[in-house]
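Data block below; observations after.
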Amino acid sequence: MIVFDLKCESQGHVFEAWFGSSADYEDQKARGLLACPLCGDGHVGKAVMAPAVAAKGNSRPETMPQIASSGDASITMGAGEEAKMRELVLALAKAQQKALEDSTWVGRDFAEQARAMHYGEQDRTSIHGEVALSEARALIAEGVEVAPLPFPVIPPDAKN
């Protein structure tokens, strides 16, 4: 897994996104699958990131440096809060994994199958797949119950 800071063009929101690899990021960007979680802007690119340099010995500061947010406030995270955040992210990833255990990967057929279930043309079942932001918005406008996953999913045929 690799994490990138991304930034939307319209509002300048900076957010973090996880990908299986740099190639996965490029593929999702090329297919229009990336969008700002704050404003929905589909014009998203990599933001400037500070390199992750490990602290030397016991010289690590007790609190993390302040990070500017998209609003007027700033965030200060202590070592204990950082550990809690990692635990929360791990718990969220485990919850997604458990939810997907009974779900079928349908890839790019997601929108078609979700509509078919919504309109009673096929039995309802739990599915997950890929859909462009514009198509996801169209599904929601039609009343089809869909939700984005918090973490990217590696398609079954792409796993080692």
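- Within 6.0 Å of CD on Q97 lie no more than 12 heavy atoms contributed by other residues, nucleotides or ligands.
- Using modelled atom types, one side-chain atom of K29 and one backbone atom of V44 make a donor-acceptor pair closer than 3.5 Å.
- Contact of the H128 side chain with the V106 side chain is not registered, since no non-hydrogen atoms from C-beta on lie closer than 4.5 Å.
- Taking a 6.0 Å sphere around CD of E145, one finds it holds 12 or fewer heavy atoms contributed by other residues, nucleotides or ligands.
- Taking CG of L149 as the start and CG of L92 as the end, the distance is 10.0 Å to the nearest 0.5 Å.
- Classified by interplanar angle (parallel below 30°, tilted 30° to 60°, perpendicular above 60°), the ring pair F4/F19 is tilted.
- Within 6.0 Å of NZ on K46 lie more than 12 heavy atoms contributed by other residues, nucleotides or ligands.
- Between E121 atom CD and E112 atom CD the span is 9.5 Å, to the nearest 0.5 Å.
- Within the model, atoms CZ of F110 and CD1 of I127 stand 5.0 Å from one another, a figure rounded to the nearest 0.5 Å.
- Between W105 and L100 there is no side-chain heavy-atom pair separated by less than 4.5 Å.
- Checked by atom type and distance alone, the side chain of D5 never pairs as donor or acceptor with a backbone atom of E16 at under 3.5 Å.
- Atom CG of D102 and atom OG1 of T125 lie 8.5 Å apart (nearest 0.5 Å).
- Atoms NZ and OG, on K98 and S103 in that order, are 13.5 Å from each other to the nearest 0.5 Å.
- Counting only distance, with no hydrogens or angles, the side chain of D41 and the backbone of C8 share no donor-acceptor pair below 3.5 Å.
- D27 pairs by the side chain to side chain donor-acceptor pair (under 3.5 Å) definition with R31, not counting sequence neighbours.
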